[in-house]
Amino acid sequence: MRRYPTALLRDLAAACLIVIPVIANAESYPSKPVRVVVAFSAGGTTDILARSVGQQLSERFKQPFIIDNKPGAGGNIGTEFVVRSPPDGYTLIVDSVGPIAVNPTLYKGLNYDPLTDLVPIVQIANVPNVLVVHPSLGVKNFDEFVAYAKANPGKLYYGSTGIGTSSHLSGFMLSNRAGIDITHVPYKGADALNDLLSGRVQFMFATIPSVIQHIQTGKLLALAVTSAKRSRSLPNVPTVIENGFPGFEAGSWFGFFAPKGTPQAIAAQLNGAVNDILGMPPIQNQMIREGADPAGGTAAEFAQFVRREYDKWKVIVRESGARPE
């Protein structure tokens, strides 16, 4: 019979004591309330999606998934809070394109790297931007809009929810690609939409959930969406790509992330649960009705998507010269 050194046996036993609790914790997860950070104020698209899915997770796991809003610095404050949290599965974040893909280039000296400090768990939804105009502009479709902009250089003003946001950068992309001279007017939050509805600015790239009711009532005219394919929320509105601008994709997306080091078993458990939730017809219908296209998929697919988005927006932000106010 082969004899092993006493020191080796002792080290193996210690290793088992480390591994067994991790496995047990993953199997019993969650055994207490889970904090789901939202890096933006209550009532926004990120918050709405987090609460909708979080409620379903609470029912599924029989533990509260508590939404914790930590807004500030374009989503950086809440995101960094999660980066610094224990990687035990009890602090998660529903984050979006800004803090993950745009802000690392937009903000100098950011204290986190989204590609290494966070673990992508699952994508919840894609929310394309939609180019909306005030009816008083008198254009009926995207081609007429571009023709009007070319015939009236410098006379069109577009609002955005702030410098470096997808609504701002979508307008910058259109200006570059279409060769039109338009003026950017940055706002804070809902003020941009209010001024568009009053006609103080003529157009805007807005998230579909924020304007879908105004489109349906005729207060705004939707000309094009910025997704690769038409949105299920606005199936009759063509994409910018369909209008002759290949590769024009710009919008918001949302997904669950966890701090680096979170056990893979817990991440896989959450991924499976969220995918099941996104497959529920009532949840799908609610999201589509409110302007979001349900996503889902594997954690690996989400990680690849995040990498592509990071690389894409890095170039666009640098070209725009955008700097936070």
Side-chain angles (χ1 to χ4, degrees), residues 22-23 25-40 45-70 75-76 78-104 112-127 252-280 283-284 287 292-310:
V22 171
I23 296 174
N25 286 342
E27 289 177 348
S28 62
Y29 175 86
S31 59
K32 61 181 181 180
V34 178
R35 171 187 283 178
V36 180
V37 172
V38 170
F40 300 95
T45 303
T46 315
D47 181 73
I48 291 169
L49 289 172
R51 291 180 188 277
S52 177
V53 177
Q55 180 182 351
Q56 294 296 324
L57 288 171
S58 297
E59 295 177 6
R60 181 173 293 258
F61 286 116
K62 310 302 180 186
Q63 287 288 348
F65 278 68
I66 302 169
I67 306 303
D68 184 6
N69 297 90
K70 292 186 178 297
N76 295 339
T79 302
E80 186 176 347
F81 174 86
V82 174
V83 165
R84 309 297 173 211
S85 297
D88 55 8
Y90 289 95
T91 301
L92 310 172
I93 186 168
V94 173
D95 224 331
S96 61
V97 60
I100 301 298
V102 174
N103 291 0
Y112 67 87
D113 182 341
L115 299 182
T116 58
D117 292 337
L118 291 169
V119 176
I121 294 176
V122 62
Q123 188 176 359
I124 298 174
N126 285 300
V127 179
S252 298
W253 48 261
F254 306 86
F256 273 95
F257 294 82
K260 176 182 67 177
T262 298
Q264 186 175 0
I266 290 177
Q269 204 173 345
L270 288 165
N271 177 277
V274 174
N275 271 293
D276 287 346
I277 291 167
L278 295 176
M280 297 167 58
I283 297 296
Q284 285 195 353
M287 285 188 176
D293 290 327
T298 68
E301 290 169 339
F302 188 31
Q304 292 169 3
F305 173 80
V306 167
R307 176 84 242 192
R308 291 194 302 271
E309 285 287 287
Y310 180 95

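Heavy atoms only: backbone and side chains are in, while hydrogens, waters and symmetry mates are out. Counting begins at 1 with the first residue of the sequence.
- Across all their heavy atoms, P33 and Y90 have their closest contact at O-CD2, 3.5 Å.
- A distance of 11.0 Å separates CD1 of I121 from CD of Q269, quoted to the nearest 0.5 Å.
- Between the CD1 atom in I124 and the CD1 atom in I277 there is a gap of 9.0 Å [rounded to 0.5 Å].
- With values rounded to the nearest 0.5 angstrom, R51 atom CZ is found 12.0 Å from L49 atom CG.
- Summarising the geometry, atom CD1 belonging to I283 is positioned 12.0 Å from atom CG belonging to D276; distances are rounded to the nearest 0.5 Å.
- Ring pair F302/F257 is tilted by interplanar angle, where 30° to 60° counts as tilted.
- Residues K260 and D117 have side chains in contact (heavy-atom distance under 4.5 Å, counting atoms from C-beta outward).
- For the pair F256 and N271, the minimum side-chain heavy-atom distance is 4.5 Å or more.
- Contact of the F81 side chain with the I93 side chain is not registered, since no non-hydrogen atoms from C-beta on lie closer than 4.5 Å.
- Checked by atom type and distance alone, the side chain of S58 pairs as donor or acceptor with a backbone atom of G54 at under 3.5 Å.
- When all heavy atoms are compared, the tightest approach of N126 to A295 is ND2-CB, 4.3 Å.
- Put simply, the side chain of P114 does not reach to within 4.5 Å of the side chain of T79, judged on heavy atoms.
- Looking at every heavy atom in both residues, P120 comes nearest to A299 through O-CB, 3.7 Å.
- Under the side chain to side chain contact (heavy atoms under 4.5 Å, CB included) criterion, P294 pairs with R232, Q284, M287, I288, not counting sequence neighbours.
- With values rounded to the nearest 0.5 angstrom, Y310 atom OH is found 5.5 Å from L115 atom CG.
- Nearest approach of V38 to A50, heavy atoms of both residues: CG2-CB, 3.6 Å.
- Contact check for V97 versus E309: side-chain heavy atoms found under the 4.5 Å cut-off.
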TODO: Apply side-chain contact (heavy atoms from CB on, under 4.5 Å) to F65 and V53, showing your working.
DONE: CA-CA 9 Å; F65 278 68; V53 177; over 6 Å; no
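- Residue pairs meeting the salt bridge (Lys or Arg N to Asp or Glu O under 4.0 Å) criterion with at least one member in residues 83-104, sequence neighbours excluded: E80-R84.
- Scanning all heavy atoms of the two residues, the minimum distance from F40 to S96 falls at CE1-OG, 3.5 Å.
- When all heavy atoms of T91 and P259 are compared, the closest pair comes out as O-CD, 3.3 Å.
- Around CD of Q264, the count of heavy atoms belonging to other residues, nucleotides or ligands within 6.0 Å does not exceed 12.
- Each of V82, V37, L270 was evaluated against L92; a single residue qualifies, L270, per the side chain to side chain contact (heavy atoms under 4.5 Å, CB included) test.
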